[in-house]
Protein chains: 2
Amino acid sequence: MSTIRDIARLAGVSVSTASLALNDDRRVREETRRRVLAAAGTLDYHPMRAARSLSSGRTWSIHLLDPALGENMSSGFFTRFLRGLHDVARDGGYTLTLTVPEDEAESRAVLKRLIAERWSDGVVLMNPTEHDGALGDVVAAGFPHVLVGRSPVAGVSTIDNDNVRVAFDATASLLEAGRRAPLLLNGPRDRTFTQDRARGYLDACAAFGVFDAPVAYVDGLADATMRALAAHREAGRPLDALVTVSDPQAVVAMRALQEDGLRIPGDVAIIGMNNDDVTQFTNPRLSSVELNAYDLGRGAIETLLERIANGAGDAQRRIVPHTLVSRESCP
Amino acid sequence: MSTIRDIARLAGVSVSTASLALNDDRRVREETRRRVLAAAGTLDYHPMRAARSLSSGRTWSIHLLDPALGENMSSGFFTRFLRGLHDVARDGGYTLTLTVPEDEAESRAVLKRLIAERWSDGVVLMNPTEHDGALGDVVAAGFPHVLVGRSPVAGVSTIDNDNVRVAFDATASLLEAGRRAPLLLNGPRDRTFTQDRARGYLDACAAFGVFDAPVAYVDGLADATMRALAAHREAGRPLDALVTVSDPQAVVAMRALQEDGLRIPGDVAIIGMNNDDVTQFTNPRLSSVELNAYDLGRGAIETLLERIANGAGDAQRRIVPHTLVSRESCP
DNA sequence: TCGAGCCATCGAACCGGTTCGATGGGTCGC
DNA sequence: GCGACCCATCGAACCGGTTCGATGGCTCGA
């Protein structure tokens, strides 16, 4: 474990010159620089992170705060997102660090410590459910941040899909094929993306002359989905097109409908969202909306790095494009 | 951003006393300690990570080095593993940091830097494929580590399922039901767990009087699996029981067999491994071996923390228990 | 020939904690 | 009454980098 003083001694220069040389400062003479680098090579020198952080004020690490670790969205989505974060972070010289807060309170506490302990240079807030407290701390501290999965808020940088269009496109793809009795199986009512998706769905319905299209708010997976479908049937409403906001939800619904003797897509066409691996494993295979999780991750870090590099600028607002993936569950 | 000197000044003590008080050292008088803590409270003091690291030599962070981020094993397995790592790390006061090396060379480079830059207090090596270089560095440096998904090596701490038994139990569950024409769709030949699983499978076959049971080594997913099945059929061998070493592989095989007009489990019983979410989405639902990824994560960090706390002890070797989960794809 | 200005280098201060050895006051035993 | 010992506290050194201001040698123009 050699220190910069060892390098300086071996290269026959002062510690400060060694530091400058190692950081490619133009002030040092070419020949001196070479000598220092050679010394560093022979001693296999690696600057200690903590020391570097302490004096430079940068940690070269970025924190991901995710309450769920992608547990709610089955399979590939989260790992693809994570991979996007990682790749861009690494290319920028940053390390990715991870915390899963248990609840709102812990989330806020972690965020406070993150800032106060100068522990990371920035934070990615995944699916934050809260509007006030924690977010306020971050903004007030001028701490570099980016929110994923949350509608834009004043003064806060966000990145997400255009959820209105996602739902619009998914719905339209079914109506274009002639279906006229749609149902949206939505998420819990209190999320911004849920609201956005309801709007996109209703807009698409209206565009095709279908008014008062039904929306079911589903909080939970299998049981809640079954209940929503049952309620729809009992209300005596017809159904020939089902839009769901996640793929597992679509799969559950598909099973339930099939068990009722309905044919997919003959009687009911179905489209999900996320393009999870799951889509490959159903019978028929499930159509879905690819949300490009990897790009979501990429974009999040890009936003963050820009923010870190340029200091506090205006809040950014990025949109990640989506694409429809048509499979057997659509006509 | 208050520093410990601010606390000391406000509490009317020296910096060293403040530090001792904040670290619950018994030498400081109760009343003094309270004064210091009160001061820390009013100023909302949080010790800066980098400074603490530099002087104490501990980083309070643990690194996960995973070449695949669980991309090969679809869905829940990786996130459950990650969650296990995270929870135990957090309870121990540690943060989890993540790197995905592109290849062997980068893996080794990252590991070297990890140690040399004193960047983490320990490392979890996920599915390491290499025997020599990187591992040697770690052991030589006496750096706390634990290998996941790798058969025990001398001097190295490992944690994994008992892969021989996993395959044994899966195979036996089919043979017990009277099947006598099994096939193992295994992973690539050069992994230790692949070898172990082949052995478990063959042992189980022998125990039921089935000798020379066939094993197909599959490197890849869909195409490779189809080819393996085709080769088996062309060899004119019968098939009534299929064991695969991952669930996605089982799903691909199930589809292929169904398209050939075979009934599952009537004609061929199938069991996979990992108990991925996927098992819920196939028709029929897939039996699998639950490998307890969460416990794997827990155990990995526990091993590591012990190692960090007690200094270099003997290499540990942990086994995580597995359980069979019987679903519709088995008789 | 002299001063301005640049270039390469250096010593020292600094970042914010932890820890070591020293200090002074009080208690106790002889 | 005095030394031994303990207790609480303190100042200073230290961890290993980065950075600021100073320095001395050199070139160049007047």
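The structure displayed is predicted, hence computed values, not measured ones. Note on naming: letters A, B, ... go to the chains in the order of the sequence lines (proteins, then strands), and numbering restarts at 1 for each one. For the numbers below, each heavy atom of this structure counts, side chains included, while hydrogens, waters and symmetry mates do not.
Between the side chains of Arg318(A) and Thr158(A), not a single donor N or O lies within less than 3.5 Å of an accepting N or O. Checking Thr97(A) against Thr97(B) by side-chain atom types alone, a donor-acceptor pair falls below 3.5 Å. A donor-acceptor contact under 3.5 angstrom links the side chains of Ser61(A) and Ser120(A), judged on distance only.
Looking only at distances, a side-chain donor or acceptor of Ser157(B) sits under 3.5 Å from a matching main-chain atom of Gln316(B). Proximity of a side-chain donor or acceptor of Ser19(A) to a complementary backbone N or O of Val15(A) within less than 3.5 Å is not detected.
Using a 4.0 Å heavy-atom cutoff across all strands shown, Val13(A) reaches sugar-phosphate atoms only and no base atom. Within 4.0 Å of Thr3(B), counting heavy atoms only, lie sugar-phosphate atoms of the nucleic acid but no base atom.
Ion pairing between Arg150(A) and Asp160(A) fails under the 4.0 Å rule for side-chain N and carboxylate O. Salt bridge Glu302(A)/Arg298(A): present, at least one basic N to carboxylate O contact under 4.0 Å. Ion pairing between Arg90(B) and Glu106(A) holds under the 4.0 Å rule for side-chain N and carboxylate O. In summary, Glu31(B) and Arg34(B) do not engage in a salt bridge, as defined by a charged side-chain N under 4.0 Å from a carboxylate O. With salt bridges taken as basic N to acidic carboxylate O contacts below 4.0 Å, none links Arg33(A) and Asp25(A).
Of the residues in residues 46-56 of chain B, Leu54(B), Ser55(B) come within less than 4.0 Å of DNA chain D through at least one heavy atom, sorted by number.
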Distances under 3.5 Å between protein N/O atoms and the N/O atoms of nucleotides 6-8 of chain D, please, pair by pair.
unit_1 : atom_1 : unit_2   : atom_2 : d
dA8(D) : OP2    : Arg27(B) : O      : 3.4
dA8(D) : O3'    : Arg29(B) : NE     : 3.3

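Both Arg35(A) and Arg5(A) sit near DNA chain C, but only Arg35(A) has its closest nucleotide nearer the 5' end.
Shown here for Asn161(B) and Val320(B), the closest heavy-atom pair between the two residues is ND2-O, 3.1 Å.
Taking Tyr94(B) as the reference, Trp60(B) meet the ring-ring contact (aromatic ring centres under 6.0 Å, His included) condition, with sequence neighbours excluded. Remark: His63(A) pairs with Trp119(A) by the ring-ring contact (aromatic ring centres under 6.0 Å, His included) rule, at least two apart or across chains.
Taking the 5' to 3' direction, DNA chain C first and last meets chain B under 4.0 angstrom from a heavy atom at dG16(C) to dT19(C).
Note on the helix from dT1(C)-dA30(D) to dC30(C)-dG1(D): angle between the axes of the first and last five pairs equals 60°, rounded to 10 degrees.
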